[in-house]
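In what follows, every chain begins at residue 1, and chains take the letters A, B, ... in the order their sequences are listed.
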Amino acid sequence: MKPPKENPVLWNINGYQLQINHPNKLYWPEDKISKLALLTYYKEMAATLLPYFKNRPVTLHYFPRGIHNFSFYRRNFDQKTNSPIQTVDYQEVSQDKTIQLPLIHTEEGLLWLVSKGCIEFHLWSAKAIDFLHPDMAIFDLDIGNNTPFNKVLKAALVTRDYLKKQGIVVYPKTTGGTGIHLYVPIKPIYDFKTVRMWVKSVGGRLSKMYPELVTTEKSGRKTHQGNRVTIDYSQNSIGRNTAAPYTVRAYRLAPVSTPLHWYEVEKGGFKPTDFNLKNLPARIAKEGDLFEGTLKNQQQLPVE
DNA sequence: GGCCGGC
DNA sequence: GCCGGCCAACGCTTT
DNA sequence: AAAGCG
Ligand SMILES: [Mn+2]
Ligand SMILES: [Mn+2]
């Protein structure tokens, strides 16, 4: 007894005929969230999300059978099939190979990828075609499994306070997972190593000021940094990527990487899953797009 | 989810 | 025709 | 040198 065949759904997106197969397939079975619900989320959020994708290569994370089944990353799009996305050539660093990175500039491009099983979008921190000079410095705040979320919020606050004294504005968002991302938009005039070393040095200062709270070392060691927040500066490298603002994550409750007010970080009392596929559109309608500043306020690193 | 190569 | 493999990789750290 | 890691 096969289940009755499910009819595809057709959406017309700016004149592009998008065919959605298995629209009712449950990508999040426990949460009863379907493929069509995921597409609906990205359709509602497209206008907010697309500016962050402009000219920025994206690494895709696909889960074509839902969040509990196999997944794969994809960042190379050989431009042969008729696809509604653009690509840009990229010469890999340690392979002698040129690949074509996807650029998502349209709603139909975004939804086409989702219709093929993509759930998560991860962005590079440099734009095409100057891949050597990032326009974001990213403080990737990571914690282990038994560290409370409010500790990573504390670390975010001391990072903000430290940088504020240097006149630098920082934008926070949830990752959708257990950590926090802090973005410092910068002029694309520094190479990755410079940005990476700057983030590392800020992390180093903070670890001296708050040794129980912050470290820049990976927390594999058994003794020592058990419950500290790691500032993972290595994220600031060419070809590395970070969960995009407003991307859905393939975790229980379909959390979304959500830009925050600083007063929300100060107040705490929330979980990352409180910001999710179901409630993000309403939050944006009410609060607006809290990451807009990252598109405009390109700063310079302090001279020291 | 879909392409591609081997059988 | 069908099946299985494949779809990421930079810069560090550890072994 | 190779493997592991986020
Ligand atoms: Mn992280
Ligand atoms: Mn990390």
Side-chain angles (χ1 to χ4, degrees), chain A residues 6 8-9 18-23 25-27 34-36 38-39 57-85 87 90-102 111-126 131-134 138-145 147 152 175-181 191-200 203-204 215-222 224-225 228-244 249-251 257:
Chain A
E6 201 187 346
V9 169
L18 182 73
Q19 176 168 328
I20 302 162
N21 295 320
H22 310 291
K25 183 194 292 178
L26 290 180
Y27 273 8
S34 67
K35 178 179 180 179
L36 193 65
L38 179 67
L39 277 150
V58 55
T59 299
L60 309 160
H61 198 177
Y62 289 80
F63 298 76
R65 308 292 239 122
I67 67 167
H68 297 309
N69 287 90
F70 71 93
S71 73
F72 58 91
Y73 290 88
R74 182 174 186 184
R75 71 171 195 176
N76 184 7
F77 258 83
D78 319 316
Q79 194 69 311
K80 38 186 77 163
T81 47
N82 268 14
S83 76
I85 58 166
T87 61
Y90 168 69
Q91 173 72 50
E92 290 186 329
V93 171
S94 33
Q95 257 87 351
D96 183 23
K97 200 171 43 157
T98 298
I99 61 175
Q100 288 156 275
L101 305 172
L111 298 183
W112 178 73
L113 292 164
V114 178
S115 80
K116 304 277 183 228
C118 182
I119 292 180
E120 300 188 353
F121 296 88
H122 297 250
L123 294 174
W124 293 33
S125 58
F131 298 116
L132 299 178
H133 299 100
I138 296 173
F139 291 74
D140 173 30
L141 274 49
D142 289 337
I143 53 175
N145 282 337
T147 306
V152 77
T175 66
T178 56
I180 284 284
H181 290 151
D191 63 21
F192 270 105
K193 184 165 192 184
T194 301
V195 173
R196 186 165 64 248
M197 291 303 108
W198 177 69
V199 172
K200 182 179 184 179
T215 179
T216 54
E217 310 301 322
K218 307 286 189 185
S219 51
R221 283 275 79 87
K222 310 197 190 297
H224 271 334
Q225 57 246 46
R228 290 193 280 174
V229 177
T230 300
I231 295 184
D232 180 7
Y233 55 86
S234 74
Q235 204 75 359
N236 299 282
S237 303
I238 187 170
R240 296 286 300 274
N241 48 78
T242 304
R249 306 306 302 272
Y251 308 143
S257 182

Rounded to whole Å, CZ of A:Phe192 lies from P of C:dC10 at a distance of 12 Å
> Side chains of A:Asn236 and A:Lys200: does their closest heavy-atom pair fall under 4.5 Å?
Replying inline: no
Take atom P in C:dA8 and the same atom in B:dC4, then report the distance between them in whole Å.
14 Å
### Query
Quick one: are A:Tyr90 and A:Arg75 in side-chain contact, heavy atoms under 4.5 Å?
yes
Separation of D:dG6 atom C1' from A:Ile238 atom CD1, nearest Å, is 18 Å
A:Phe77 versus A:Leu113: any side-chain heavy-atom pair under 4.5 Å? yes
Classify the nucleic acid contact of A:Gln235 as base, sugar-phosphate or nothing, counting any heavy atom under 4.0 Å across all strands shown.
-> nothing
Ring centres within less than 5.5 Å and planes less than 30° apart: is that true of A:Phe63 and B:dG1 in this structure?
no
From CG of A:Asn236 across to P of C:dC12 the rounded distance in Å is 12 Å
**Asked** Can you find a donor-acceptor N/O pair under 3.5 angstrom joining the side chain of A:Arg240 to the base of D:dG6?
**Response** yes
To the nearest angstrom, the CD-P distance between A:Glu92 and C:dA9 comes to 5 Å
Span that lies between the P atom of C:dC6 and that of D:dG6, in whole angstrom:
23 Å
Rounded to whole Å, CZ of A:Phe70 lies from C1' of B:dG1 at a distance of 7 Å
Would you indicate what A:His22 reaches in the nucleic acid, counting non-hydrogen atoms under 4.0 angstrom: base, sugar-phosphate, or nothing?
sugar-phosphate
When rounded to whole Å, the CD to C1' distance for the pair A:Gln19 and B:dG1 reads 13 Å
Tested for side-chain contact (heavy atoms from CB on, under 4.5 Å) against A:Thr178, the lone hit among A:Ile143, A:Asp142, A:Leu141, A:Val152 is A:Ile143
Assert: residue with more 5' nearest nucleotide on DNA chain C, out of A:Asn241 and A:Lys200, is A:Asn241
Side-chain N or O of A:Arg74 versus OP1/OP2 of B:dG2: is the shortest distance under 4.0 Å? no
Whole-Å distance, A:Asn76 CG to B:dG1 P, equals 21 Å
Can you tell me if A:Tyr73 touches the phosphate of D:dG6, counting only side-chain N or O atoms and a distance under 4.0 Å to OP1 or OP2? no
>> Would you call the rings of A:Tyr73 and A:His122 parallel, tilted or perpendicular, taking 30° and 60° as the class edges?
In response: perpendicular
Base, sugar-phosphate, or nothing: which does A:Ser237 touch, judged by heavy atoms less than 4.0 Å apart? sugar-phosphate
Which part of the nucleic acid, if any, lies within reach of A:Tyr27 when heavy atoms closer than 4.0 Å are counted: base, sugar-phosphate only, or nothing? sugar-phosphate
Students often get this wrong, so: under 4.0 angstrom with heavy atoms, is A:Lys25 touching a base, only sugar-phosphate, or nothing? sugar-phosphate
Closest of C:dC12, B:dG2, C:dC10 to the A:Lys116 side chain is B:dG2
Here the distance between atom C1' of C:dA8 and atom NE2 of A:His122, to the nearest Å, is 11 Å
Remember a base hit wins even if backbone is also touched, and classify A:Arg65 as base, sugar-phosphate or nothing at under 4.0 Å, heavy atoms. nothing
query: Less than 4.5 Å apart, any side-chain heavy atom of A:Tyr251 and any of A:Ile119?
result: no
If you compare every side-chain N and O of A:Lys193 against the phosphate oxygens of C:dG11 (OP1, OP2), does one of them come in below 4.0 Å? no
